[in-house]
Number of protein chains: 2
Amino acid sequence: MMELTRKGEYAIRGIIYLAQQPPGRVSLISEIAAAAEVPQTFLAKIFQSFAKLGLVSSSRGTGGGFVLARPASTITLREVVEAVEGPILPNRCLLGSACDRGGPCRVHAVWKQVQTEVVSILDAVTIDTLARSPDCKG
Amino acid sequence: MMELTRKGEYAIRGIIYLAQQPPGRVSLISEIAAAAEVPQTFLAKIFQSFAKLGLVSSSRGTGGGFVLARPASTITLREVVEAVEGPILPNRCLLGSACDRGGPCRVHAVWKQVQTEVVSILDAVTIDTLARSPDCKG
DNA sequence: ATAAAAGGGATCAAATTGGTCCTAAAGGTG
DNA sequence: CACCTTTAGGACCAATTTGATCCCTTTTAT
């Protein structure tokens, strides 16, 4: 359980690639897709989400493409994951104040704890850190 | 992301009910399903998994039903969740030693950390604790 | 104008989720 | 034994989600 989907994985790979480019360098979606080994049309959707959320900025037309909208050191893994997968939410009942049935939410506190912990782990990792980390082949 | 499915939620509700019964008391699946407000046939499948894994013991025929196979204080929330949802696995790459593409698994260590943390939270909660916890209506 | 990008909607196949149904097997009871 | 009760297990099914693809529009540089 709790698996990241392809979308999430692609999102991470794609934005890491962007973060590895020289500052200000514009990348085409085709270029990012090739480098990250992700289906291009799918990645395009992902980057649309990024753009809407202000993680990357996009420009159209000749010479257009994508650039990080903020320094990589200020973009957290959590933001990237949540951008495409929605909020970290181990159980629906963490949304409303009350749990579904007329009452018991014995596990509520546990899910809350899981949520808090996962969020804090993902918030502590920046895209910059990931982009600089060595590949661990083999 | 990371949402528990209905199956997981039903599993927890069902086994909590069992844990609330007087020791040794046999419960019918129909009874558990009604109490936990879960579709009976679906819950039956869930309890089949429990039985195979030795969380509950089952007996057939008249007077048959389900009982916890071990003291509720030795059954952790993690066991229950994993019984029906599979292992806590934030990313596939935590299975094999290497990550998919010829190399980079920059986020590998992060997912490992998430996995470890979640497992430890869920392992710290026993069904007994949940069964005794007060309902938090409203 | 035209070509090069991203934006956005529609669509689609495959997998997963959430369940039902039916028959078989096992265990009591008269 | 025949019969009833109860779980076991397999087949099946609808709805949703996932993982894409396609096509047309919009923006922008030349």
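Remember, predicted model here, so these are calculated numbers, not experimental data.
- Taking 4.0 angstrom as the limit, A:Ser58 places a side-chain polar atom (N or O) nearer than this to OP1 or OP2 of C:dG7.
- Of the listed nucleotides (D:dT6, D:dA20, D:dT28), D:dT28 has the atom at the smallest distance from the side chain of A:Thr62.
- Per the geometry, CD1 belonging to B:Ile29 stands 19 Å off P belonging to C:dA26, to the nearest Å.
- Taking the side chain as every heavy atom from C-beta outward, B:Tyr17 and B:Glu31 approach each other to under 4.5 Å.
- Taking only side-chain nitrogens and oxygens, B:Thr5 comes nearer than 4.0 Å to OP1 or OP2 of C:dG18.
- Listed here is the closest heavy atom pair of A:Ile127 and A:Val80: CD1-CG2, 3.6 Å.
- Rounding to whole angstrom units, CZ of residue B:Arg92 and P of D:dT18 are separated by 12 Å.
- Closest contact between the side chain of B:Gln48 and the listed nucleotides D:dG9, C:dA6, D:dT7 involves D:dG9.
- Atom pair B:Lys7:NZ and C:dG19:P shows a separation of 11 Å (rounding to whole Å applied).
- Atom CE in B:Met2 sits roughly 14 Å away from atom P in D:dT18 (whole-Å rounding).
- With salt bridges taken as basic N to acidic carboxylate O contacts below 4.0 Å, none links A:Arg78 and A:Glu85.
- For B:Phe47 and C:dG19, the CZ to P distance is 16 Å, given to the nearest whole Å.
- Each of A:Pro39 and A:Gly61 lies near DNA chain D, and the nucleotide nearest A:Pro39 is the one positioned closer to the 5' end.
- Taking the nucleotide of DNA chain C with the nearest heavy atom to each of B:Gln40 and B:Glu85, the more 5' of the two is matched to B:Glu85.
- Only one option out of A:Val81, A:Leu89, A:Val118, A:Asn91 pairs with B:Met2 in a side chain to side chain contact (heavy atoms under 4.5 Å, CB included); it is A:Val118.
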Return the polar atom pairs (N/O with N/O) between nucleotides 21-25 of chain C and the protein under 3.5 Å, or none.
residue	atom	partner	partner atom	Å
C:dA25	N3	B:Arg60	NH1	3.1

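- One atom, CG of A:Leu43, and another, C1' of C:dA6, lie 12 Å apart when rounded to the nearest Å.
- Residues A:Val67 and A:Leu18 have side chains not in contact (no heavy-atom distance under 4.5 Å, counting atoms from C-beta outward).
- Ranking D:dA20, C:dG18, C:dG7 by closeness to the A:Phe66 side chain, first place goes to C:dG7.
- Contact annotation: B:Tyr10 reaches the phosphate of C:dG19 (side-chain N/O to OP1 or OP2, under 4.0 Å).
- At the heavy-atom level, A:Ser30 lies nowhere under 4.0 Å from the strands shown.
- If you measure from atom CG of A:Leu28 to atom C1' of C:dA3, you get 14 Å, rounded to the nearest angstrom.
- Here the shortest heavy-atom pairing between B:Ala131 and B:Gln20 reads O-NE2, 3.1 Å.
- Using a 4.5 Å cut-off on side-chain heavy atoms (C-beta onward), A:Ile75 and A:Asp128 make no contact.
- The separation between A:Glu3 atom CD and C:dA15 atom P is 15 Å, rounded to whole Å.
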